[in-house]
Protein chains: 2
Amino acid sequence: MTIETSNLHIRQFSKHEHLARAGDPQRVVYKVQEGWACRYSVIPDGRRQITAIFLPGDFCEPQWLLAGKAQLPIIAITPMTVTEIPLENIYGQPGKGVQDLLGAMLEAFNRQTDWIVSLGRKSAKARVRDFLLELHRRLKVSGHVSAHRCTIPLTQQDMADVLGLTAVHLNRVLMDLRKSGAISLRGKTLSLGHNEHVQTGPATSGAPHMSIQPAREPMLA
Amino acid sequence: MTIETSNLHIRQFSKHEHLARAGDPQRVVYKVQEGWACRYSVIPDGRRQITAIFLPGDFCEPQWLLAGKAQLPIIAITPMTVTEIPLENIYGQPGKGVQDLLGAMLEAFNRQTDWIVSLGRKSAKARVRDFLLELHRRLKVSGHVSAHRCTIPLTQQDMADVLGLTAVHLNRVLMDLRKSGAISLRGKTLSLGHNEHVQTGPATSGAPHMSIQPAREPMLA
DNA sequence: CGTTTAATTGAAAACCGTCAAAGTGCGTGG
DNA sequence: CCACGCACTTTGACGGTTTTCAATTAAACG
């Protein structure tokens, strides 16, 4: 359902509804207002790998501007509210709109690079810890978090599919982290002990407020 | 060393020389003419994860156009010849140059998504097989390959660092693949049995000749 | 409340890493 | 030309991590 509100198309998705399916032509990009979504692929044996998580404030997905279609399906993890950003209107004026999207694409790119490092070289425990800390960090930006506590609407199967683990093993790691103190996820509530903001790893995603840094002149000025 | 040849800056790198270091401002993007390079990160315990491989014909790295700097180091795997593409000259005219770079960035993005799936959900054997097949496929584009044979200048440690494995285990998988027939890497020579061109997996990287598919009008027309 | 979905636990096996050593190839210098 | 050094590959034995299969408990939802 689409509603026009002062030049802003608002749209809702219900839990487990697809925002896009593989190959769908996309003439809009979504900006998430409320709720979580993810991009995933399913391999032949039926297992799933989640390859991106979309939180409030995120664009979904910037690269649709370039590709004109969704390569992979996006599904809502919770009920969602999004605004639609039409791509047609953006071509003519290569200004702030395009710049924002390309900057967001760069962020997403760097986040993927970090996940390759995580999946390739970190233990299950470190992956889980870093993932939860990253979620907490990203949620801060949109104010969905108090100092040491936030809500994670993912099931353990969802997290396992992000982290390249089985749900059973993820569960064991979560228990382990609880006993180790510091990080505990009970139900949907994530609690961080103190001193959990320390640098745990992202090499590229960098500072919370990363933006485009042109070599000389701003691109597309 | 930089040589001017009809408006084309040619540059050489020797084996193991860095094309860029973490944080380096970049006012150019390279186009690889000869040789291989890779992007990597090193985690605190000293282990390395390679997050991109650059082959002849590839841009290294398109996202420098947006970021204006290298987030991660790039190192030459073999001696290399590259041409420099200055970014300043490209800003003014948002034409083919920018479009090529953004298209290449999209390809790199999709390739990273595929590697997340591979690292997260495939066995070591499938990862190695798919990686070697992908290299063969990519080398075809630049004609560095005969039908069922090509040269892979990577050491087994390099490949292990791409695939998130130890060099010892990678070696065992390679032996296993040789005995299983079909795929064998001996020295630097990769030989494919017949019928190894079948679809093994990439969900997003798509057809060899992927290009930007605008939703309506070409972006930056 | 009953039904469904998600979380938790246990035991066994498969997969992959670690450590240590030996073998191979290749270029450099004597 | 040969000997040496060096980097890379290969092998074995062992241990740890993660998966698999199966069952049970707890929580969420009508």
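Every chain is numbered from 1 and lettered A, B, ... according to where its sequence line falls, protein lines coming before strand lines. These values consider heavy atoms only, across backbone and side chains, with no hydrogens, waters or symmetry-generated copies.
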Sequence neighbours left out, what pairs pass salt bridge (Lys or Arg N to Asp or Glu O under 4.0 Å) with at least one residue falling in residues 29-44 of chain B? B:Arg39-B:Glu61
For B:Arg121, enumerate each residue passing the side-chain hydrogen bond (donor to acceptor under 3.5 Å, both in side chains) test, keeping only those at least two apart in sequence or located in another chain. A:Asp161
With sequence neighbours excluded, tell me which residues meet side-chain hydrogen bond (donor to acceptor under 3.5 Å, both in side chains) with A:Gln49. none
In whole angstrom, what separates [X]'s [atom1] from [N]'s [atom2]?
X        : N     : atom1 : atom2 : answer
B:Leu154 : D:dA7 : CG    : C1'   : 16 Å
A:Met175 : C:dA6 : CE    : P     : 16 Å
A:Leu174 : C:dA7 : CG    : C1'   : 10 Å
A:Leu177 : C:dA7 : CG    : C1'   : 16 Å
A:Ile152 : C:dA7 : CD1   : P     : 13 Å
A:Leu185 : C:dT8 : CG    : C1'   : 14 Å

To the nearest 0.5 Å, atom CG of A:Leu65 lies from atom CD of A:Gln63 at 9.5 Å
Those residues of residues 73-80 of chain B lying under 4.0 Å from DNA chain D by at least one heavy atom: none
side-chain contact (heavy atoms from CB on, under 4.5 Å) involving [X] - partner list, sequence neighbours excluded:
X        : result
B:Val173 : B:Ala124, B:Lys125, B:Val128, B:His169, B:Leu177
B:Pro153 : B:Trp36, B:Thr78
B:Pro62  : B:Phe59, B:Leu101, B:Ala104, B:Met105

Have B:Asn110 and B:Thr113 got a donor and an acceptor in their side chains that come within less than 3.5 Å? no
Could you verify whether a donor N or O on one side chain and an acceptor N or O on the other, from A:Gln112 and A:Thr51, lie under 3.5 Å apart? no
Under 4.0 Å from OP1 or OP2 of C:dT8: is there any side-chain N or O of A:Asn171 that close? yes
Hey, does the side chain of B:Gln157 come within less than 4.0 Å of D:dC8's phosphate (OP1/OP2), counting only N and O? no
Would you say the side chain of B:Leu165 lies within less than 4.5 Å of the side chain of B:Arg127, judging by non-hydrogen atoms? yes
Does any part of the side chain of A:Ile152, heavy atoms only, come nearer than 4.5 Å to the side chain of A:Lys188, both counted from C-beta? no
Any pair with a residue in residues 101-129 of chain A that passes ring-ring contact (aromatic ring centres under 6.0 Å, His included), sequence neighbours left out, goes on the list, sorted by first then second residue, please. A:Trp115-A:Phe131
Identify each atom pair where a protein N or O and an N or O of nucleotides 21-24 of chain C are less than 3.5 Å apart, giving names and distance.
none

Rounded to 10°, the angle between the first-five-pair and last-five-pair axes of the helix from C:dC1-D:dG30 to C:dC15-D:dG16 is 30°
Do nucleotides 12-30 of chain D as a string where each nucleotide becomes B, S or -: B if the base has a protein heavy atom under 4.0 Å, S if just the sugar-phosphate does, - if no protein is that close. BB----BBBB---------
Salt bridge (Lys or Arg N to Asp or Glu O under 4.0 Å) with B:Arg47: which residues, sequence neighbours excluded? B:Asp45
